Amino acid sequence: MKNSGEEEQKKEGSFNLDWRFNQTLRNVQGLLKGRSFPGKVLLTRKESFGDSSFPELSPRTERSGSQNDLGPSDYVGTPKGEVQSTGKALSNISKLRLPTKNSESTSGGMQRSISGTRSTDSARVSKFTKELSGTTCVLEKLRELAWSGIPSYMRPNIWRLLLGYAPPNSDRRDVVLRRKRREYVDCVSQYYDIPDTERSDDEINMLRQIAVDCPRTVPDVTFFQQPEIQKSLERILYTWAIRHPASGYVQGINDLVTPFLVVFLSEYLEDCMDKWLISNLTPSQISDIEADCYWCLSKLLDGMQDHYTFAQPGIQRLVFKLKELVRRIDEPVSRHMEEQDLEFLQFAFRWFNCLLIREIPFHLVTRLWDTYLAEGDALPEFLVYIFASFLLTWSGKLQKLDFQEMVMFLQHLPTQNWTDQELEMVLSRAYMWHTMFENSPNHLLS
């Protein structure tokens with residue numbers, strides 16, 4: 001009788017696990033049709049705030065204890081008899097594909113979603129406005145809102161707050177910004193505006209490397225080819241490198257300045273970026289923009305210091321975790337890549353080094369960075385999930401390619417026509433998998 005009772009419990013546990021995975025699969029399939037996923041994930045293409053769309057994709061929303069909510073413990077450390085059903089469910093989830101522009105879910109269903117979410121968009125703007133209008137901004141609430149995208153005209157102020165560059169207390173904000181901007185001017189005067197005779201050989205070589213890399217920064221965006229922009233980049237990068245000798249300048253950091261430049265320039269320049277002329281700004285305005293870029297870059301990299309020190313061990317560690325996560329989510333593509341002797345470092349190192357700036361159209365970068373900055377100190381670990389989701393967008397394609405074809409494909413990914421919809425799908429999957437595996441005891445061992 002005891003053995004019979006144990007068998008019944010095992011069967012019941014296995015049934016519950018299967019039911020939960022099937023329910024998760026149905027929820028994810030619902031995402032593709034514009035329905036919600038536990039945790040307020042919504043994949044509808046909402047009315048645009050300036051240059052972005054803002055589905056409700058908050059990873060920080062409190063989740064109820066309903067049967068639809070799956071905790072990490074439900075997925076890892078299961079008995080061997082249950083592993084098969086678990087693997088099948090995850091495999092099915094990993095096979096979900098982005099809806100095509102010609103699909104029914106994208107045409108009729110998507111249009112209905114757009115018209116039905118205008119009030120939601122207005123409500124989200126009101127929430128942002130409310131958080132910014134108080135005497136003290138509650139950063140955790142701001143992060144929840146920002147994760148799903150920020151209205152473009154609010155982005156400069158919110159990015160400063162999320163990075164801790166501007167203080168939450170509005171009464172102190174202007175004073176702090178003025179002081180930090182003056183400090184940047186002093187640093188430029190001390191470290192950059194000096195003759196080469198006062199620099200060491202290493203500093204001269206570093207400045208030369210920066211001068212070479214600046215014209216290569218986002219080469220397909222003509223705005224960044226303006227000499228004044230490249231000079232601003234050079235000042236920011238060299239000043240940062242001198243003040244951070246543990247890493248100094250590392251190629252790739254030049255890309256990380258570009259989202260900040262665009263966002264802070266948008267406070268002074270109108271129309272589309274292609275029409276911007278930095279010559280229309282005063283020296284004082286340029287100095288303030290550079291200072292904001294410098295300090296925000298510093299704040300961002302403070303949380304990823306070992307990504308840019310010698311041998312970049314932080315990036316190597318995250319590439320290993322990415323490989324392990326892909327193996328757990330999509331074993332067939334992981335096995336195929338291993339059989340073809342393709343190392344993740346061969347393509348993912350650049351992803352972590354430049355935070356996908358070179359992989360997606362530049363007009364989507366600031367939307368992606370809304371989510372990056374909303375993650376705060378947790379960003380490095382969450383990048384693993386974003387990049388796994390990004391890679392597995394092409395799971396089926398990759399399994400048909402040999403080594404050389406995969407290398408070429410991953411170096412020239414077909415993202416040139418991507419819109420907000422594709423990016424939101426990547427972020428949605430990343431959030432879902434993070435929710436599944438986040439605190440799993442046997443997952444992504446360091």
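In this chain, residues are counted from 1 in sequence order. This one's a predicted model, so the numbers in the text were calculated from it and none came from an experiment.
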TODO: Might you point out which heavy atoms bring Met206 and Ala241 nearest each other, and give the distance in Å?
DONE: SD-CB, 3.5 Å
Open item on the list: Run the side-chain contact (heavy atoms from CB on, under 4.5 Å) test against Ser287 and tell me which residues pass, sequence neighbours left out.
Closed with: Val185
TODO: Would you give the length of the straight line joining atom NE2 of His244 to atom OH of Tyr249, rounded to the nearest 0.5 angstrom?
DONE: 15.5 Å
TODO: Spell out, as yes or no, whether a donor-acceptor pair under 3.5 Å connects the side chain of Ser126 to the backbone of Ser122.
DONE: yes
Open item on the list: Treating Tyr308 as the side-chain partner and Asn353 as the backbone partner, does any N or O pair qualify as donor plus acceptor under 3.5 Å?
Closed with: yes
Task: Within-4.5 Å side-chain heavy-atom neighbours: Pro227 and Gln230 - done: no
Task: Shortest non-hydrogen separation from Gly248 to Ile253 and the atoms involved - done: O-CD1, 4.2 Å
Open item on the list: I'd like to check the side-chain contact (heavy atoms from CB on, under 4.5 Å) partners of Tyr153; sequence neighbours left out, ordered by chain and number.
Closed with: Val125, Pro151
Task: Neighbour count above 12 (heavy atom, 6.0 Å) for Asp201 CG - done: no
- [ ] Please list, chain by chain and in numerical order, all residues satisfying ring-ring contact (aromatic ring centres under 6.0 Å, His included) with Phe344, sequence neighbours excluded.
- [x] Phe347
- [ ] State whether the side chain of Thr371 and the backbone N or O of Trp147 hold a donor-acceptor pair below 3.5 Å, judged by distance alone.
- [x] yes
TODO: Please state whether the rings of Tyr372 and Trp369 are parallel, tilted or perpendicular, taking 30° and 60° as the class boundaries.
DONE: tilted
TODO: Would you check if the side chain of Arg199 reaches a backbone N or O of Tyr192 as a donor-acceptor pair within less than 3.5 Å?
DONE: yes
Open item on the list: Enumerate the salt bridge (charged side-chain N to carboxylate O under 4.0 Å, His left out) contacts for residues 353-365, please, sequence neighbours excluded, ordered by first and then second residue.
Closed with: Asp255-Arg358, Arg350-Glu359
Task: Selection residues 298-307 - residue pairs positive for salt bridge (charged side-chain N to carboxylate O under 4.0 Å, His left out), sequence neighbours left out - done: Asp306-Arg317
- [ ] Report yes if the side chains of Leu379 and Leu300 come closer than 4.5 Å at any heavy-atom pair, otherwise no.
- [x] yes
- [ ] Tell me, with the steps shown, if Leu161 and Arg173 meet side chain to side chain contact (heavy atoms under 4.5 Å, CB included).
- [x] CA-CA 10 Å; Leu161 288 165; Arg173 207 164 293 159; 3.8 Å; yes
- [ ] Indicate yes or no: does Asp213 engage Arg216 in a salt bridge with an N to O separation below 4.0 Å.
- [x] yes
- [ ] Would you mind checking if Glu324 and Arg327 are paired as a salt bridge, meaning a charged N to carboxylate O distance below 4.0 Å?
- [x] yes
Open item on the list: Is the shortest side-chain heavy-atom distance between Thr393 and Arg429 below 4.5 Å?
Closed with: yes
- [ ] Compare every heavy atom of Ser148 with every heavy atom of Arg124, then report the nearest pair and how far apart it is.
- [x] NH2-CB, 3.6 Å
Open item on the list: Which heavy atom of Pro361 sits nearest to which heavy atom of Gln416, and what is that distance?
Closed with: CG-O, 3.8 Å
- [ ] Kindly indicate, with the supporting measurements, whether the criterion side chain to side chain contact (heavy atoms under 4.5 Å, CB included) is fulfilled by Val365 and Val218.
- [x] CA-CA 11 Å; Val365 168; Val218 199; over 6 Å; no
Task: Leu163 side chain reached by Phe260 side chain, heavy atoms, under 4.5 Å - done: yes
TODO: Name all pairs fulfilling the ring pair (Phe, Tyr, Trp, His ring centres under 6.0 Å) condition that reach into residues 200-237, sequence neighbours left out, sorted by first residue then second.
DONE: Phe223-Trp276, Phe224-Phe362
Open item on the list: The criterion is side-chain contact (heavy atoms from CB on, under 4.5 Å); which residues satisfy it with Thr282, sequence neighbours excluded?
Closed with: Ser284, Gln285
Open item on the list: For Ala378, is there any backbone N or O sitting under 3.5 Å from a side-chain donor or acceptor partner on Glu381?
Closed with: no
Open item on the list: Are Leu383 and Leu356 packed together at the side-chain level, in the sense that at least one heavy-atom pair is separated by less than 4.5 angstrom?
Closed with: no
Task: Qualifying salt bridge (charged side-chain N to carboxylate O under 4.0 Å, His left out) pairs, either residue in residues 220-234, two or more places apart - done: Lys231-Glu234
Open item on the list: In the structure I gave you, are the side-chain heavy atoms of Ile150 and Thr366 within less than 4.5 Å of one another anywhere?
Closed with: no
Open item on the list: Can you confirm whether Trp240 sits close enough to Leu301 that some side-chain heavy atom of one is under 4.5 Å from a side-chain heavy atom of the other?
Closed with: yes
Task: Backbone N/O of Pro195 and side chain of Glu198: donor-acceptor pair under 3.5 Å - done: no
Task: Residues in side-chain contact (heavy atoms from CB on, under 4.5 Å) contact with Asn280, at least two apart in sequence or another chain - done: Leu269, Leu277
TODO: Measure across Thr309 and Ala246 and return the closest heavy-atom pair with its distance rounded to 0.1 Å.
DONE: CG2-O, 3.9 Å
Task: Between CG on residue Leu325 and OH on residue Tyr385, distance to nearest 0.5 Å - done: 5.5 Å
Open item on the list: Does any part of the side chain of Leu177, heavy atoms only, come nearer than 4.5 Å to the side chain of Asp288, both counted from C-beta?
Closed with: no
Task: Set of ring-ring contact (aromatic ring centres under 6.0 Å, His included) partners for Phe390, sequence neighbours left out - done: Trp351, Trp394, Trp418
Open item on the list: Applying side chain to side chain donor-acceptor pair (under 3.5 Å) as the test, list every pair that has at least one member in residues 175-187; sequence neighbours left out.
Closed with: Arg181-Asp292, Tyr184-Glu290
Open item on the list: Checking Gln226 against Ser279 for the side chain to side chain contact (heavy atoms under 4.5 Å, CB included) test, could you report, in this order, the C-alpha distance in whole Å, the side-chain angles of both residues, the deciding distance, and whether it holds?
Closed with: CA-CA 9 Å; Gln226 296 181 42; Ser279 57; 5.7 Å; no
- [ ] Given ring-ring contact (aromatic ring centres under 6.0 Å, His included), test Phe382 with His434 step by step and report yes or no.
- [x] CA-CA 7 Å; Phe382 192 68; His434 184 259; 5.2 Å; yes
TODO: Any salt bridge (charged side-chain N to carboxylate O under 4.0 Å, His left out) involving residues 259-278? Give me the pairs, sequence neighbours left out, ordered by first then second residue.
DONE: Arg160-Glu267
Task: Step-by-step side chain to side chain contact (heavy atoms under 4.5 Å, CB included) determination, Arg243 to Ser298 - done: CA-CA 10 Å; Arg243 297 195 71 190; Ser298 299; over 6 Å; no
Task: Reported CD1-to-OH distance for the pair Ile210 and Tyr238, which is rounded to 0.5 angstrom - done: 7.5 Å
